[in-house]
Protein chains: 2
Amino acid sequence: MITMTEIARLTGVSQPTVSRVLNGNTSVKPEVREKVLACAREHNFQPNAMARGLVGSGTKLIGVVLTDISNSFFADLEKYMEQAARKKGYSLILFNSDYDREKEKHCLDVMRRYRVDGLVIVPVAEHDAAFREDIKALDIPAVAITRETDQMDCVYIEHAEAGAQVAEHLKSVGCEHYIFVGTTEDKKYLGFAEKMKETDLHFEQKLTLIETKNSREIQGILKAHFDTHPGKTGIFAYNDRRAVQVHGILQKLGISMPERAALVGFDNTYTCEYLYPALSSVSQPNREMAEEAVNILIKNIGQPEGRELVAHPMGARLIVRESSEISEKERTK
Amino acid sequence: MITMTEIARLTGVSQPTVSRVLNGNTSVKPEVREKVLACAREHNFQPNAMARGLVGSGTKLIGVVLTDISNSFFADLEKYMEQAARKKGYSLILFNSDYDREKEKHCLDVMRRYRVDGLVIVPVAEHDAAFREDIKALDIPAVAITRETDQMDCVYIEHAEAGAQVAEHLKSVGCEHYIFVGTTEDKKYLGFAEKMKETDLHFEQKLTLIETKNSREIQGILKAHFDTHPGKTGIFAYNDRRAVQVHGILQKLGISMPERAALVGFDNTYTCEYLYPALSSVSQPNREMAEEAVNILIKNIGQPEGRELVAHPMGARLIVRESSEISEKERTK
DNA sequence: CTGTTAGCGCGTTCAC
DNA sequence: GTGAACGCGCTAACAG
């Protein structure tokens, strides 16, 4: 691996001159310039980012901590973040926290070793004070993505608002009962429930909760529900993975969508449109969110200090598909 | 960010002593040792990986180039690679080549800047001589993953053998016609076709190819096929993404699985078992492959030079599910 | 325009 | 056991 000093030797100039040529800051005599450039190209010179980082000009590294990249929503995010980072000359060093605070902390430590210029993180527990301490202790720009987070820059989805959209939709297609797949702490649920309660004081009595991820158990709950509840039931799942699972079980049980069950997922992954009936889902502005996070981060990296916190909420949009839209059959009756 | 020199100053010893304590090589007087360790812990010292890399002890960085992390198969791989790497004290710097040779080359260059100790790559074009040149020019250990690659270490799936398994299976469930979704250069297809031809000289006349990814077009082809071909058709898709797409279209067209169409995908992603009917798919030893790649790589990083090439083929296993197994209905007739 | 000098944080001699 | 001195590759003054 060739170095600047080596190029200097080969071309008979000093190493700083090579540096000047390769970084194109100050002016260098054209002929020297050409000679150096030629030599660098010939040997496919790549500057040693380590050495650069050492002298304090930054590492051009962004640490990214995701909870789980095998979730395709996060995989998409990482892809877009990489694209955005690359445009500005940054690379990504990636970690999975596995939804584990301990591991998350470990990731933060390791990133520090590489002296990343900044980091983007999907927090395991965004409201944990210890987490925010950890971030603050790093003393580098950091932006949280996906979740709203106090005291740090964040780019996130208005989950409550999205949940409300789903509520509105499910009401509009004539649901009489509801099932939420997920936990009640989820902001999606909160927004969903709140919107429901606006027009229906008895909403909670019409609601069934599915917290398990076990197919057999879900099937049991769904069967029991539909055996005893005539009319249409709106089902809202906290992500597409669960929604697809429910979709399959409904099919298996022979419960028709959207006539008896109007199903809505979250994330709008590619599977949605491949399913039959196609799955309605809330689409998050994935790419925009990723780009915005990276851009905010890089801007902060440039700033000397003392900036204001930015919280950038982004809107999600429900994409209605066959699994929940008013069907031909219903419309014409 | 505290440094060894700083710790040395605080504890009144020399910087090399701090280094000795923190790296635990040579012996240091216990009391000094304790004092230094205490100070390091107090300030949550993290060694500067840049400086370490600079002095030549390696960067503990592994470059990973995937074609597209938003494919959940690769996302899984990356997750397992990270786990394996972490166990040995390595971190991953991740790139997506987007199936683009140019970008791939760029990734390689950038990795070089960070002086990664080695790299794992899913080649865009594993048989491209230029690609192998690029890798060789890097002059660091590299292992190709997923695809068999000449002249470099590789861990891969025996796609042809997997294709043969699928052929065997589809024959055994009584298919009279076949559809392959993908391209004929695909090794899966080659193994599939070869196995078929062993027992059926007219196989190619019984085969329909679907190369498009467009839903409407696929639907057209499938409809035409099933309108004109009675009996059971075996469908083999080169990955689950396509298989799920076909699954939905078959459902939409009212073509029953597995009676009229026996469908098999590839990758065995989580969606397979959530679908109804559940999707048969070829399961690759994902985790093992990732771990093996990383382990081979790290072993090579340790070696001074001059090792032999290792090519580690791994077996895939067809997981038969409802979409292609002999159904109750068929069995009892 | 260009060379000299210094120093980033660390591991590695080599003396003491 | 431990400190002094050096160098990895590079950027940032500073002097010419």
Side-chain angles (χ1 to χ4, degrees), chain A residues 1-37 39-40 43-61 89 109-117 139-140, chain B residues 1-37 39-40 43-61 89 109-117 139-140:
Chain A
M1 184 104 325
I2 197 164
T3 67
M4 286 190 178
T5 314
E6 183 65 7
I7 295 182
R9 209 180 51 75
L10 291 172
T11 56
V13 299
S14 74
Q15 172 267 316
T17 296
V18 176
S19 172
R20 283 187 271 259
V21 171
L22 265 20
N23 294 308
N25 312 320
T26 40
S27 48
V28 180
K29 202 197 294 176
E31 42 185 286
V32 180
R33 164 179 218 76
E34 288 315 314
K35 198 165 48 173
V36 169
L37 281 177
C39 182
H43 296 277
N44 189 18
F45 169 81
Q46 296 293 341
N48 187 326
M50 304 286 142
R52 273 193 171 162
L54 206 52
V55 295
S57 41
T59 55
K60 293 287 177 180
L61 269 183
D109 282 343
V110 175
M111 286 176 20
R112 238 155 56 97
R113 299 218 259 266
Y114 290 98
R115 302 299 190 263
V116 295
D117 290 339
D139 199 38
I140 53 170
Chain B
M1 183 104 328
I2 197 163
T3 68
M4 286 192 179
T5 314
E6 183 65 7
I7 294 182
R9 210 181 50 75
L10 291 173
T11 56
V13 299
S14 74
Q15 172 265 315
T17 296
V18 176
S19 172
R20 283 188 270 261
V21 171
L22 265 20
N23 293 309
N25 314 319
T26 42
S27 48
V28 180
K29 202 195 295 177
E31 44 186 285
V32 179
R33 164 177 219 77
E34 287 315 314
K35 198 164 50 172
V36 169
L37 281 177
C39 182
H43 296 277
N44 189 18
F45 169 81
Q46 295 293 340
N48 187 327
M50 304 286 142
R52 273 194 170 163
L54 206 53
V55 294
S57 40
T59 55
K60 293 287 177 180
L61 268 183
D109 282 343
V110 176
M111 285 176 21
R112 237 154 58 94
R113 297 218 261 266
Y114 289 99
R115 300 301 190 263
V116 294
D117 290 338
D139 199 40
I140 51 169

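Just so it is clear, the values below take in all heavy atoms, side chains as well, and ignore hydrogens, waters and symmetry mates.
- Distance check: A/Gln46 CD to B/Asp109 CG gives 4.0 Å after rounding to the nearest 0.5 Å.
- The outermost nucleotides of DNA chain C lying under 4.0 Å from heavy atoms of chain B, listed 5' to 3', are C/dG9 to C/dT12.
- The shortest heavy-atom contact between B/Tyr114 and A/Leu61 is CE2-CG, 3.5 Å.
- Where the helix from C/dC1-D/dG16 to C/dC16-D/dG1 starts and where it ends, the local axes point in directions that differ by 40°; five pairs per end, rounded to 10°.
- Every residue was checked against the side chain to side chain donor-acceptor pair (under 3.5 Å) condition with A/Ser57, not counting sequence neighbours, and none meets it.
- Applying the side chain to side chain donor-acceptor pair (under 3.5 Å) test to B/Asp117 and every residue at least two apart in sequence or in another chain returns B/Thr59.
- Residue pairs satisfying the salt bridge (Lys or Arg N to Asp or Glu O under 4.0 Å) criterion with at least one member in residues 22-35 of chain B, sequence neighbours excluded, are absent.
- Remark: A/Asn23 engages A/Met4, A/Ser19, A/Asn25, A/Arg52 in a side-chain contact (heavy atoms from CB on, under 4.5 Å) (not counting sequence neighbours).
- Listed pair A/Ser19 / D/dT11 meets the phosphate criterion, a side-chain N or O lying under 4.0 Å from OP1 or OP2.
- In this structure, CG on A/Asn44 lies 10.0 Å from CD1 on A/Ile2, to the nearest 0.5 angstrom.
- The distance from atom CE of A/Met1 to atom CZ of B/Arg112, rounded to the nearest 0.5 Å, is 3.5 Å.
- Heavy-atom distances under 4.0 Å link DNA chain C to A/Leu54, A/Val55 of residues 48-57 of chain A, given in residue order.
- Here A/Thr11 pairs with nothing under the side chain to side chain donor-acceptor pair (under 3.5 Å) rule; sequence neighbours left out.
- Listed by chain and number, the residues in a salt bridge (Lys or Arg N to Asp or Glu O under 4.0 Å) with B/Glu6 are B/Arg9 (sequence neighbours excluded).
- Just one of B/Ile7, B/Leu22, B/Val28 meets the side-chain contact (heavy atoms from CB on, under 4.5 Å) condition when paired with B/Leu37; it is B/Leu22.
- When the P atom of D/dT11 is taken as reference, atom CZ of B/Arg113 falls 12 Å away, rounded to whole Å.
- Whole-Å rounding puts the A/Asn23 CG to D/dC10 P distance at 10 Å.
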Expected rows: protein N/O vs nucleotides 4-6 of chain D N/O, under 3.5 Å:
none

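- Across every non-hydrogen atom of A/Ser14 and A/Ala8, the tightest pair is C-CB, 3.7 Å.
- Annotation: side chain to side chain donor-acceptor pair (under 3.5 Å) contacts of B/Thr5 (sequence neighbours excluded): none.
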